[in-house]
Amino acid sequence: MARLKITQIKSRIGADKRQCANLDALGLKKINASVEHDDSVIIKGMIARVKHLVKVEEVAAE
């Protein structure tokens, strides 16, 4: 299964509550913070809500 590396590249200031909740659920609290998640439909939906605030890269599964 593929892994996704998600990095917050923009501030959450000005984002609505739903977008802030998605960032929190992904585990992103600060700019330039990165997390890795398994590639799933749920994670892709969360990323789609905040695509303007994050950068997504696919990394090799270990």
Side-chain angles (χ1 to χ4, degrees):
M1 175 173 276
R3 303 267 304 162
L4 298 175
K5 181 179 179 183
I6 307 159
T7 305
Q8 183 177 347
I9 57 169
K10 290 191 177 178
S11 174
R12 64 173 60 211
I13 295 173
D16 63 18
K17 286 185 178 184
R18 177 180 257 169
Q19 292 168 341
C20 288
N22 276 324
L23 288 172
D24 290 338
L26 287 169
L28 297 169
K29 301 284 187 186
K30 297 180 178 182
I31 296 175
N32 293 325
S34 294
V35 293
E36 286 191 17
H37 289 285
D38 290 328
D39 189 7
S40 69
V41 175
I42 295 170
I43 297 297
K44 289 219 174 169
M46 294 167 76
I47 291 169
R49 290 274 184 192
V50 293
K51 65 183 173 223
H52 60 288
L53 301 175
V54 298
K55 176 177 71 171
V56 181
E57 303 170 56
E58 192 169 327
V59 294
E62 295 179 10

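No hydrogens, no waters, no symmetry mates; every other heavy atom, side chains included, goes into these values.
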### Task
Could you tell me whether Asp16 and Arg49 make a salt bridge, using a distance below 4.0 angstrom between a side-chain N and a carboxylate O?
no
### Message
Within the structure provided, determine whether Ile42 and Ser40 are in side-chain contact (heavy-atom separation under 4.5 Å).
### Response
yes
### Query
Between Asp39 and Arg3, is the closest basic N to carboxylate O distance under 4.0 Å?
no
### Message
Show, in sequence, the C-alpha distance, side-chain angles and deciding distance for His52 and Gln19, and conclude whether the side chain to side chain contact (heavy atoms under 4.5 Å, CB included) test is met.
### Response
CA-CA 10 Å; His52 60 288; Gln19 292 168 341; 3.4 Å; yes
### Message
Distance check, rounded to the nearest 0.5 Å: Ser34 atom OG versus Leu4 atom CG?
### Response
12.5 Å
### Message
Quick one, Val50 and Lys10 - any side-chain contact, counting heavy atoms below 4.5 Å?
### Response
no
#### Entry: From CZ (Arg12) to CG (Asn22), nearest 0.5 Å
10.0 Å
### Task
Measure the shortest side-chain to side-chain distance between Ile6 and Glu36 over non-hydrogen atoms and say whether it is less than 4.5 angstrom.
no
## Note on the structure
Separation between CG (Leu53) and CD1 (Ile9), nearest 0.5 Å, reads 8.0 Å
### Summary
Value for OG1 (Thr7) from NZ (Lys55), rounded to nearest 0.5 Å, stands at 5.5 Å
### Side chain to side chain, Val54 and Leu28, heavy atoms closer than 4.5 Å
yes
### Message
So does Leu26 get a backbone contact from the side chain of His37, meaning a donor-acceptor N/O pair under 3.5 Å?
### Response
yes
